[in-house]
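Residue numbers start at 1 and run along the sequence shown. Atoms considered below: every heavy atom in the structure, side chains included; atoms not considered: hydrogens, waters and symmetry mates.
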Amino acid sequence: MVGSVIVNDGQIIGEGYHQKHGEDHAEVVAIKSVTDKKLLCESTLYVNLEPCSHFGKTPPCADLIIKMGIPRVVIAAKDTTSNVSGKGIERMRKAGIEVKLGLMEKEARALNKRFFCFNEKKRPYIILKWAESEDGFMDKHRTTDAQKPSKISGTLVQQMVHQWRSEEESIMIGGNTLRLDNPQLNVRQVKGRNPLRLIISPSGDLPKDSLVFIDGQPTVVFSSAIR
């Protein structure tokens, strides 16, 4: 998620954000939004992620910034993907542009934590969620689905969890949780899209009438059992 603002003499003259994969990046949208392009040569471009320096779905943003004669660029966070990783900054500096890096870097990295986690740690961004009482208990010992789980979380926490679900690609539980709780694992308490449901069950022995199998939404089961 990238946004850009162009400032001239203390006034915002252009702004934009990357709206869709494959379309113009934030810097390009911001530059296009400037009515008087002559002002660009005395303006500062702010962006929360390093301008790209390679040809992908679109041409390099760094090249456009150089071409338009923008003299100053302020970047919150360096793009740590292998095909960028400082190359955009280097290209602009070699062209004589004053580049400053690190303004609100913590906030910028938090905004794109999934992006940075994938590029730097080579794995998905993961939220580990559980409810726990003040004295350290999560649930009573249960062996059948007739025994209902202990309710610890309040309404606001439940809404937050559903908000998380709407923001992530998938949600994962183990087979035993499915057998005992029969959860829906969808988004209900806020507006948003449902995550892909992932179930880990070495045996593959799961109730066919579980809610995740009968509501028409996709569910993937990981199992070592041979069928």
All N/O donor-acceptor pairs, side-chain side in residues 60-68, below 3.5 Å, sequence neighbours left out:
from, atom 1, to, atom 2, distance (Å)
D63, OD1, R91, NH1, 2.8
D63, OD2, R91, NH1, 3.3

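Side chain of S223 to main chain of S201: a donor-acceptor pair is present (N/O by atom type, distance under 3.5 Å, no hydrogens or angles). Between the D209 side chain and the I214 main chain, no donor and acceptor come within less than 3.5 Å of each other. Under a 3.5 Å cut-off, the side chain of E50 and the backbone N or O of I89 do form a donor-acceptor pair. For the pair T219 (side chain) and V212 (backbone), a donor-acceptor distance under 3.5 Å is present. Listed for the Q158 side chain is a donor-acceptor partner under 3.5 Å among the backbone atoms of S153. S224 places a side-chain N or O within donor-acceptor distance of the main-chain N or O of P202, the cut-off being under 3.5 Å.
The side-chain heavy atoms of P71 and E98, taken from C-beta on, include no pair separated by under 4.5 Å.
Cluster membership for M92 and V5, using ILVMFWY side-chain heavy atoms within less than 4.5 angstrom, is not shared. Note: the hydrophobic cluster containing I97 also contains I13 (ILVMFWY, side chain heavy atoms under 4.5 Å, direct or indirect links).
Remark: of the listed residues K94, R93, K87, K94 is the sole one forming a side-chain hydrogen bond (donor to acceptor under 3.5 Å, both in side chains) with E90. I199 pairs in a side-chain contact (heavy atoms from CB on, under 4.5 Å) with only one of the listed residues (L206, I171, T177), which is L206.
Here the closest non-hydrogen pair linking F213 and K208 is CB-O, 3.7 Å. Contact record, A76 with E105: O-CB, 3.3 Å, taken as the closest heavy-atom pair.
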Full working for side-chain contact (heavy atoms from CB on, under 4.5 Å) between R142 and D181: CA-CA 10 Å; R142 294 181 290 133; D181 293 356; 2.7 Å; yes
